[in-house]
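What follows is a single structure, written as structure tokens, with notes after it.
As the structure is a prediction and not an experimental result, all values here were calculated from the model. Note on naming: letters A, B, ... go to the chains in the order of the sequence lines (proteins, then strands), and numbering restarts at 1 for each one.
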2 protein chains.
Amino acid sequence: MTGKGTLNQQTRDRIRALAAEHGFRLNVAAQNLRLGRTGAIAVLLPLGHERAQHLSDPFLSTMIGHLADALSDKGYDLLLSRVLPEEDHWLEEFVVSGRVDGIIVIGQSDQNDVLNRAATHYRSMVVWGAYDPDNMYTTVGSDNFAGGMMAARHLLQRGCKTMAWFGHGDAPEFQARKTGFLAGLPDELRKNVEIIPIPITPEGSHAAAQAYFTLGHRPDGVFAASDVAAMSVCAAATQNGISIPDDMAVVGFDDILLARYASPPLTTVRQDIESGARMLVDLLTRRMAGGDTQSVQFAPRLIVRESA
Amino acid sequence: MTGKGTLNQQTRDRIRALAAEHGFRLNVAAQNLRLGRTGAIAVLLPLGHERAQHLSDPFLSTMIGHLADALSDKGYDLLLSRVLPEEDHWLEEFVVSGRVDGIIVIGQSDQNDVLNRAATHYRSMVVWGAYDPDNMYTTVGSDNFAGGMMAARHLLQRGCKTMAWFGHGDAPEFQARKTGFLAGLPDELRKNVEIIPIPITPEGSHAAAQAYFTLGHRPDGVFAASDVAAMSVCAAATQNGISIPDDMAVVGFDDILLARYASPPLTTVRQDIESGARMLVDLLTRRMAGGDTQSVQFAPRLIVRESA
DNA sequence: CTGTTAGCGCCTTCAA
DNA sequence: TTGAAGGCGCTAACAG
């Protein structure tokens with residue numbers, strides 16, 4: 001039935017015809033048991049410092065959709081799991097549970113140590129997130145530093161003088177965006193950049209922006225850690241009588257579907273999520289086959305719309 | 001190990017301790033093979049007339065997130081699959097493939113016949129979508145008709161006189177929203193309601209709204225089939241110099257996370273997606289256990305913000 | 001209350 | 001080239 005093994009083609013055809021006639025199908029569970037595999041890949045979402053982050057986050061859900069497609073193309077099922085890393089053993093627990101043949105982790109969160117530890121004795125894992133030469137594990141991600149720089153250059157070019165960064169600081173992806181942003185600014189502007197720490201949810205970022213604008217702050221250029229954050233900042237600004245982009249220019253990150261249809265349409269740094277998902281699956285299957293892999297970084301692209 | 005069967009508690013504890021000591025774990029694949037089950041539930045997304053609809057649609061992704069949580073609480077894995085119903089056999093193919101113990105279908109799309117056919121000989125299936133007494137299958141969904149009426153009443157109360165409906169017509173959920181909306185209007189207004197067919201994607205609905213406003217149409221009240229559509233309509237309106245809510249009031253449907261932080265914050269008919277997901281899983285497990293189930297409809301709630 | 005045993009459906013090896 | 005048999009790790013039935 002599988003097409004493997006030594007068998008006369010006509011015998012094979014005969015068996016197949018018989019199978020079709022009787023509605024016989026291979027039992028995948030038994031096949032997997034015998035083959036010592038599970039046929040499933042886990043997609044793990046560690047919610048380290050941001051346990052409120054919801055699967056409905058547009059970036060995450062887009063990623064999961066593309067992952068589902070890429071995995072099913074290779075015959076794998078997708079086992080979706082959100083993990084609250086209460087203790088340090090969650091990943092190793094998951095590995096030894098043997099429920100899956102491989103693991104894709106979305107975002108390092110603050111779980112760098114856990115990931116490195118697992119990577120020393122478990123091959124079949126890849127991670128979406130920031131590249132760091134010290135990591136033991138293979139990552140796929142955007143060049144967040146370069147993306148941050150693009151945002152800085154664009155705001156500079158528009159003539160912005162007083163800048164603000166709205167972001168969640170802990171995860172390395174977001175750190176790199178911030179660092180890149182700061183690096184893209186001339187010294188005299190850099191030291192005056194206001195760093196506004198915000199939660200990852202739209203609720204949280206909106207509240208933080210509200211508080212910030214209510215205190216009277218009026219930067220003329222804002223770089224936000226994500227499009228969701230940028231949209232919340234825009235909403236809060238508008239509610240405080242700040243006009244975008246005339247009074248304040250806003251640049252987001254991700255280029256989620258809605259960014260284009262926000263009001264005003266969002267200028268943002270685009271990540272190619274679909275390519276990222278395919279690459280993750282590619283590298284994972286290569287690792288599962290015993291091959292070696294290197295981390296990859298995608299170059300982001302600035303999409304200029306109306307908000308900046 | 002499973003805690004079932006007749007066994008002295010101390011013997012059981014001894015075995016468990018031994019297992020922990022040696023790192024022994026039950027092999028789920030073998031367990032499932034022996035038990036004749038798979039331990040997985042499929043979540044199927046039929047993309048009938050709207051194959052462009054993407055998993056990144058905020059409603060869908062929120063639903064999937066809650067489903068993932070509800071299923072993992074019951075020990076099931078979630079097998080995610082988008083299906084393009086090219087031919088009529090996709091569901092039956094899936095059923096006989098035996099890859100899962102039960103099926104949750106999200107949205108009837110235009111696949112009513114297929115669902116009914118499958119339901120006659122397959123119990124372990126529930127469907128998110130519109131209730132119809134003629135359906136052979138169990139549905140869970142919002143009372144879309146009532147939701148549409150709420151939108152109508154609210155716009156009336158604001159004094160709107162010329163109304164428009166932006167929606168995708170084919171799926172029964174959206175039909176019911178429209179019918180409820182029309183039913184909630186007095187006769188003289190109802191006959192003048194403009195029906196604007198739009199695709200389900202933000203791109204498509206934005207383009208349709210653009211075209212509509214460019215032609216000079218200026219309704220003072222709009223009900224959109226979803227929040228995503230409503231946000232696109234708002235964006236297009238703003239670009240055409242229409243001020244919301246002063247020139248035109250807009251009511252959406254769903255209450256996705258971003259609705260509250262859109263500009264202006266969206267007035268919308270809220271569906272409780274989390275309760276819906278839990279109910280789907282509840283009913284499904286009850287059906288898998290051989291029990292009988294009835295369809296349920298959740299009452300939606302109008303959330304008044306600034307867009308109307 | 002505990003220990004033994006027969007298979008769940010498949011794939012691989014080995015013998016014919 | 002084909003057929004037969006063993007065993008993947010588990011659970012349920014049965015015997016002790």
Side-chain angles (χ1 to χ4, degrees), chain A residues 1-42 71-72 74-77 79 81 92-103 121-124 285 288-290, chain B residues 1-42 71-72 74-79 92-103 121-124 285 288-290:
Chain A
M1 291 297 294
T2 53
K4 293 186 298 189
T6 70
L7 199 60
N8 215 334
Q9 185 57 43
Q10 59 193 33
T11 321
R12 189 179 303 261
D13 290 345
R14 210 187 73 234
I15 300 298
R16 287 226 170 112
L18 242 27
E21 186 187 333
H22 293 89
F24 169 86
R25 310 190 139 246
L26 281 180
N27 178 318
V28 181
Q31 191 178 41
N32 287 340
L33 177 64
R34 176 63 237 247
L35 260 26
R37 61 167 197 204
T38 69
I41 301 293
L71 286 171
S72 78
K74 300 221 178 201
Y76 286 106
D77 291 340
L79 195 158
S81 182
E92 272 141 327
E93 283 288 318
F94 202 95
V95 167
V96 300
S97 83
R99 290 159 64 202
V100 294
D101 298 335
I103 297 179
H121 59 79
Y122 183 67
R123 307 186 37 82
S124 305
T285 48
M288 295 192 316
Chain B
M1 291 298 293
T2 54
K4 294 187 296 188
T6 70
L7 201 58
N8 212 335
Q9 186 55 44
Q10 60 194 34
T11 321
R12 188 178 303 258
D13 290 343
R14 211 186 71 236
I15 300 298
R16 287 228 169 112
L18 241 30
E21 187 187 332
H22 293 89
F24 170 86
R25 310 190 138 248
L26 282 179
N27 178 317
V28 181
Q31 190 179 40
N32 287 340
L33 177 64
R34 176 65 236 245
L35 260 26
R37 62 169 196 201
T38 69
I41 300 292
L71 285 171
S72 77
K74 301 220 179 202
Y76 286 107
D77 291 338
L78 157 36
L79 196 158
E92 272 141 325
E93 282 289 318
F94 202 94
V95 167
V96 300
S97 83
R99 290 159 63 202
V100 293
D101 298 334
I103 297 179
H121 59 79
Y122 183 66
R123 306 187 38 81
S124 305
T285 49
M288 294 191 318

### Query
Under 4.0 Å between a Lys/Arg side-chain N and an Asp/Glu carboxylate O for B/Arg16 and B/Glu21?
no
Grab the [atom1]-[atom2] distance between [X] and [N] for me, whole Å please.
| X | N | atom1 | atom2 | value |
| --- | --- | --- | --- | --- |
| A/Phe24 | C/dC8 | CZ | P | 13 Å |
| A/Leu33 | D/dT11 | CG | P | 12 Å |
| A/Arg14 | D/dT2 | CZ | C1' | 10 Å |
| A/Gln10 | D/dT1 | CD | P | 10 Å |
| B/Asn32 | C/dC8 | CG | C1' | 11 Å |
| A/Arg25 | C/dC8 | CZ | P | 21 Å |
| A/Asp13 | D/dT2 | CG | P | 12 Å |

### Query
In terms of side-chain heavy atoms of B/Asn8, which of C/dC11, D/dG9, C/dT2 is nearest?
C/dT2
### Summary
Out of C/dC10, D/dT2, C/dT12, minimum distance to the side chain of A/Leu35 belongs to C/dT12
### Query
Side chains of B/Ile41 and B/Val100: closer than 4.5 Å at any heavy-atom pair?
no
#### Entry: Separation of A/Ser124 OG from A/Ile103 CD1 (nearest 0.5 Å)
8.5 Å
Looking at [X], I'd like to know whether one of its side-chain N or O atoms comes within less than 4.0 Å of OP1 or OP2 on [N].
| X | N | value |
| --- | --- | --- |
| A/Thr11 | D/dT1 | no |
| A/Gln31 | C/dG9 | no |
| A/Asn27 | C/dC8 | no |

### Step-by-step side-chain hydrogen bond (donor to acceptor under 3.5 Å, both in side chains) determination, A/Asn27 to A/Gln31
CA-CA 6 Å; A/Asn27 178 318; A/Gln31 191 178 41; over 6 Å; no
### Task
Hey, which sits more toward the 5' end of DNA chain C by its nearest nucleotide, B/Gln9 or B/Arg34?
B/Gln9
